[in-house]
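Take a look at the structure set out below.
Chain identifiers are assigned alphabetically (A, B, ...) following the order of the sequence lines, protein sequences preceding nucleic acid strands; residue numbering begins at 1 within each chain. This is a predicted model, so every value here is computed, not measured.
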Amino acid sequence: MNLFADIRALVVESLTALADEGALPRGLETQGVAVEPPRDAGHGDMATNAAMVLAKPAGMPPRAIADLLAKKLIDDGRVLSAEVAGPGFLNLRLAPSVWQGLVGAVLADGTDYGRSAMGKGVKVNVEYVSANPTGPLHVGHTRGAVFGDALASLLAFAGYDVTREYYINDGGAQVDVLARSVYMRYQEAHDLSVDWPEGSYPGDYLIPVGEALKDKVGDAYLEEPESVWLAPVREFATDAMMDLIRSDLAALGVKMDVFYSEKSLYGTGRIEAALEALKERGLIYRGTLEPPKGKTPEDWEPREQVLFRSTAHGDDVDRPVMKSDGAWTYFAPDIAYHYDKISRGFDALIDVFGADHGGYVKRMKAAVSALSDGRVPVDIKLCQLVRLFKNGEPFKMSKRAGNFVTLRDVVEQVGPDVTRFVMLTRKNDAPLDFDFDKVLEQSRENPVFYVQYANARIMSVIRKAEEAGIDASAAPDLSLLTHEAEMKVAKQLAEWPRLVEIAARTNEPHRVAFYLNELAGDFHALWNRGNDDASLRFVQDDVRASQAKLALARAVSVVISAGLAILGVKPAQEMR
RNA sequence: GACCUCGUGGCUCAAUUGGAUAGAGCAGCCCCCUCCUAAGGGGCAGGUUGCAGGUUCAAGUCCUGCCGGGGUCACCA
């Protein structure tokens with residue numbers, strides 16, 4: 001059930017009929033015809049731009065087309081009125097029975113209401129978090145985790161075949177640093193005192209890992225040189241860190257389908273194969289890069305490197321894939337990783353990065369474009385910083401001391417539901433303020449509360465009704481829903497399927513959170529109308545009237561539940 | 001210097017990817033509880049969408065150039 005799609009289909013049918021009658025030219029392209037809610041509800045229930053879009057190709061003034069279309073549409077039982085307005089908009093008012101029927105459809109579909117087929121048959125890969133396995137996840141990762149997870153759920157709801165994936169950066173130098181840091185904790189576990197060099201990971205979270213290493217190997221590595229213990233300790237340490245990260249993600253309710261190891265690309269010829277694929281396209285060469293204009297690094301010296309001609313696919317400069325010592329740059333395995341995603345048959349890729357990786361976007365897009373010969377689109381979503389506050393005061397993190405606010409800190413303090421919802425109350429590319437106190441506040445300002453409160457009120461009023469002996473789930477006579485305040489809520493429900501498609505098309509899950517806030521607002525408004533007008537209360541002496549009103553409330557709850565499910569939040573049954 | 005990103009009432013943000021008279025919430029002023037959760041709601045006031053051009057039936061949205069905030073900038077990942 002998608003009312004906007006239904007009415008759009010009606011508009012297109014009517015246009016075809018007009019063409020058959022000779023009133024319009026045949027074969028007009030109706031691609032651009034849209035049926036949308038008008039910006040101002042006073043204009044009507046729905047508006048179509050059909051006349052304006054078709055005016056030029058039809059060679060007719062828009063208002064003339066709109067007049068023809070209006071006369072045709074009015075024949076349909078669902079359309080109460082069709083008025084031409086402005087430059088050629090056609091404003092439609094729909095019969096009450098349409099909105100009543102919509103409420104019934106929502107209840108019939110349940111939380112499947114709003115599912116779309118737009119992604120049918122399309123395989124999409126969403127890569128998110130992808131934090132280095134060198135420590136627990138912190139707040140910044142939390143935003144990316146929530147965003148990616150909600151986006152994946154949203155796309156699944158829109159019909160896509162979604163894979164959630166985490167790229168483990170376990171191939172670079174930082175995991176060696178991790179291994180050395182764990183080794184020092186291991187030494188400490190043997191009561192040896194150690195000096196912590198600059199650039200190591202001094203966080204307490206490695207103490208138990210050092211202990212665990214001691215439990216596993218005893219004193220076997222104590223007298224050995226690094227060449228002996230580095231590789232096994234590295235593996236031990238990264239495994240421990242991934243366990244930690246997995247449990248952090250689980251605490252937040254994030255479950256990946258695939259954890260993909262960077263290290264697994266080395267020594268298997270996969271990086272070489274990916275670069276060979278680029279080479280075949282003439283995009284690999286040896287050369288020397290110009291220093292960046294304006295700001296030349298202190299230690300700049302011309303160097304001949306192996307370069308990827310990313311400029312052929314929209315990048316600003318070509319990018320090195322191999323260091324001067326012959327080792328791969330970070331970019332090389334990432335190229336291979338994306339090549340692997342392409343060869344696994346994904347039709348679209350989405351990468352969720354932190355905003356500090358913005359400079360990486362063009363080269364990654366260039367690589368995917370080159371490797372898929374332009375067939376596979378990749379959308380890279382950047383998540384901006386999270387600024388922490390406590391009661392309005394900025395909350396400082398000291399990364400140097402290893403004391404940063406972790407994902408687990410946040411989840412333990414405010415819970416996974418609040419964490420997730422709040423992380424989606426801003427669009428991904430805008431900075432987000434997270435105040436530990438305000439997110440728990442029970443007030444209008446807090447959207448988490450506001451939406452949950454709406455659902456709790458619905459649950460509460462259903463309980464009240466049942467206590468009064470009303471069967472709230474009985475088949476209602478929806479024709480009893482006639483008041484404009486009730487219609488307003490029904491109209492908001494009608495927008496849900498449309499919103500899902502827009503949010504999925506733009507890869508913007510925050511739109512779901514904003515929509516829920518609006519829906520909750522409409523519901524609270526209706527609720528309060530009951531203070532002034534007793535006929536708008538949900539529990540009525542007239543059982544049939546009550547059942548109809550409760551059906552509307554239940555439909556609201558259904559959509560809130562479906563929306564919250566996309567965000568990964570459990571609807572509240574009551575407020576405490 | 002180059003690239004990315006953002007710029008919308010006093011504050012925090014939306015705006016149906018190009019649609020009509022730019023919408024919400026805070027803060028301010030005025031109202032609404034013998035009544036299902038007032039943990040809420042209704043109303044008033046508040047704007048040249050950073051600036052200047054351009055594209056077209058139509059621009060907060062697209063293009064160009066400025067201004068301002070943030071981010072990034074070859075042997076880090």
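- The existence of a salt bridge linking A:Lys549 and A:Glu486 is confirmed by a sub-4.0 Å separation between a basic side-chain nitrogen and an acidic carboxylate oxygen.
- For A:Asp334 against B:A77, a side-chain-to-base donor-acceptor contact under 3.5 Å is absent.
- One can place CZ of A:Arg387 at 10 Å from C1' of B:U12, the figure rounded to the nearest angstrom.
- Residue contacts shown for A:Arg457 are limited to sugar-phosphate atoms, with no base heavy atom under 4.0 Å away.
- For A:Tyr360, taking side-chain heavy atoms from C-beta onward, the closest of the listed nucleotides B:A74, B:C36, B:A77 is B:A77.
- Here A:Glu301 lies in heavy-atom contact (under 4.0 Å) with a base.
- Here B:A38 is the nucleotide among B:C4, B:A38, B:U17 with the atom lying nearest to any side-chain atom of A:Trp527.
- Residue A:Ala47 is in base contact, counting any heavy-atom pair closer than 4.0 Å across all strands shown.
- Minimum atom distance to the side chain of A:Pro87 is reached by B:G19, of the listed B:G19, B:C4, B:C75.
- Residue A:Ser460 is classed as a base contact, given a heavy-atom separation below 4.0 Å to a base.
- Residue contacts for A:Pro37: at a heavy-atom cut-off of 4.0 Å it reaches a base atom on one of the strands shown.
- A:Arg444 forms a cation-pi arrangement with A:Tyr450, by the criterion of a distance under 6.0 Å to the ring centre and an angle within 45° of the ring axis.
- When the C1' atom of B:U16 is taken as reference, atom CG of A:Asn49 falls 12 Å away, rounded to whole Å.
- Remark: B:U17 base-pairs with no nucleotide; criterion is Watson-Crick or G-U wobble with both hydrogen-bond distances under 3.5 Å.
- In this structure, A:His524 does not count as stacked on the base of B:G40 under the 5.5 Å centre distance and 30° plane angle limits.
- For the pair A:Glu495 CD and B:A14 P, the interatomic distance rounds to 18 Å; values are reported in whole Å.
- Cation-pi check for A:Arg457 over A:Phe523 is not met; the charged atom does not lie both under 6.0 angstrom from the ring centroid and within 45 degrees of its normal.
- Here A:Phe89 lies parallel enough and close enough to stack on the base of B:A20, with planes under 30° and ring centres under 5.5 Å apart.
- A salt bridge links A:Glu301 with A:Arg303; the closest basic N to acidic carboxylate O contact falls under 4.0 Å.
- A:Ala355 comes within 4.0 angstrom of sugar-phosphate atoms only, judged by non-hydrogen atoms across all strands, and of no base.
- In this structure, A:Lys464 reaches the B:U37 phosphate: one of its side-chain N or O atoms is under 4.0 Å from OP1 or OP2.
- At the heavy-atom level, A:Val361 lies nowhere under 4.0 Å from the strands shown.
- Of the candidates B:U16, B:U56, B:G40, the closest approach to any side-chain atom of A:Tyr453 belongs to B:G40.
- Counting only N and O atoms by type, the side chains of A:Gln174 and A:Thr134 include no donor and acceptor under 3.5 Å apart.
- The residue among A:Pro302 and A:Thr48 whose nearest nucleotide of RNA chain B lies closer to the 5′ end is A:Thr48.
- Residues A:Ala367 and A:Ile335 approach most closely at CB-CG1, 4.1 Å, considering heavy atoms.
- Across all strands shown, A:Asp433 has no heavy atoms under 4.0 Å from either base or sugar-phosphate atoms.
- One can place CG of A:Asn446 at 15 Å from P of B:C13, the figure rounded to the nearest angstrom.
- Side chain A:Arg39 to base B:A20: no donor-acceptor pair is found below 3.5 Å.
- A:Arg444 comes within 4.0 angstrom of the backbone, heavy atoms only, and of no base.
- Formation of a donor-acceptor pair under 3.5 Å by the A:Trp496 side chain with backbone atoms of A:Val559 is not found in this model.
- Here the P atom of nucleotide B:G42 and the CZ atom of A:Arg529 are 9 Å apart, to the nearest Å.
- For A:Asn531, whose side chain is taken as the heavy atoms from C-beta onward, the closest listed nucleotide among B:A38, B:C13, B:C3 is B:A38.
- For the pair A:Arg498 and A:Phe4, the distance from NZ or CZ to the six-membered ring centre is under 6.0 Å and the angle to the ring normal is within 45 degrees.
- Spacing between atom CG of A:Asp40 and atom C1' of B:A15 amounts to 14 Å, rounded to whole angstrom units.
- Picking from B:C36, B:G19, B:A77 the nucleotide with the shortest atom distance to the side chain of A:Asn132 gives B:A77.
- Minimum atom distance to the side chain of A:Ala525 is reached by B:G41, of the listed B:G41, B:C75, B:U16.
- One interatomic measurement links the two molecules: CG of A:Asp318 to P of B:C3, which rounds to 16 Å at whole-angstrom precision.
- Nucleic acid contact class of A:Arg426 (heavy atoms, under 4.0 Å, all strands): sugar-phosphate only.
- Where A:Asp532 and A:Thr329 meet RNA chain B, the nucleotide closest to each residue was compared, and A:Asp532 sits on the side nearer the 5' end.
- With B:A20, B:C75, B:C57 as the candidates, the nucleotide lying closest to the side chain of A:Lys323 is B:C75.
- Taking the side chain of A:His43 as heavy atoms from C-beta on, and the options B:C3, B:A20, B:C13, the nearest nucleotide is B:A20.
- Counting any heavy atom pair closer than 4.0 Å across all strands shown, A:Glu304 reaches no nucleic acid atom.
- Nearest to the side-chain atoms of A:Ala85 among the listed nucleotides B:U17, B:A77, B:A20 stands B:A20.
- Residue A:Asp356 is classed as a sugar-phosphate contact, given heavy-atom separations below 4.0 Å to backbone atoms only.
- The phosphate of B:A15 has OP1 or OP2 within less than 4.0 Å of a side-chain N or O from A:Lys427.
- Per the geometry, CG belonging to A:Asp533 stands 18 Å off P belonging to B:G41, to the nearest Å.
- Taking the six-membered ring where the residue is Trp, A:Tyr360 and A:His357 present perpendicular rings, their angle passing 60° and hence far from 30°.
- Applying the 90° criterion around 0 to the glycosidic angle, B:C33 comes out syn.
- In B:U17 the base sits syn relative to the sugar, since the glycosidic angle is no further than 90° from 0.
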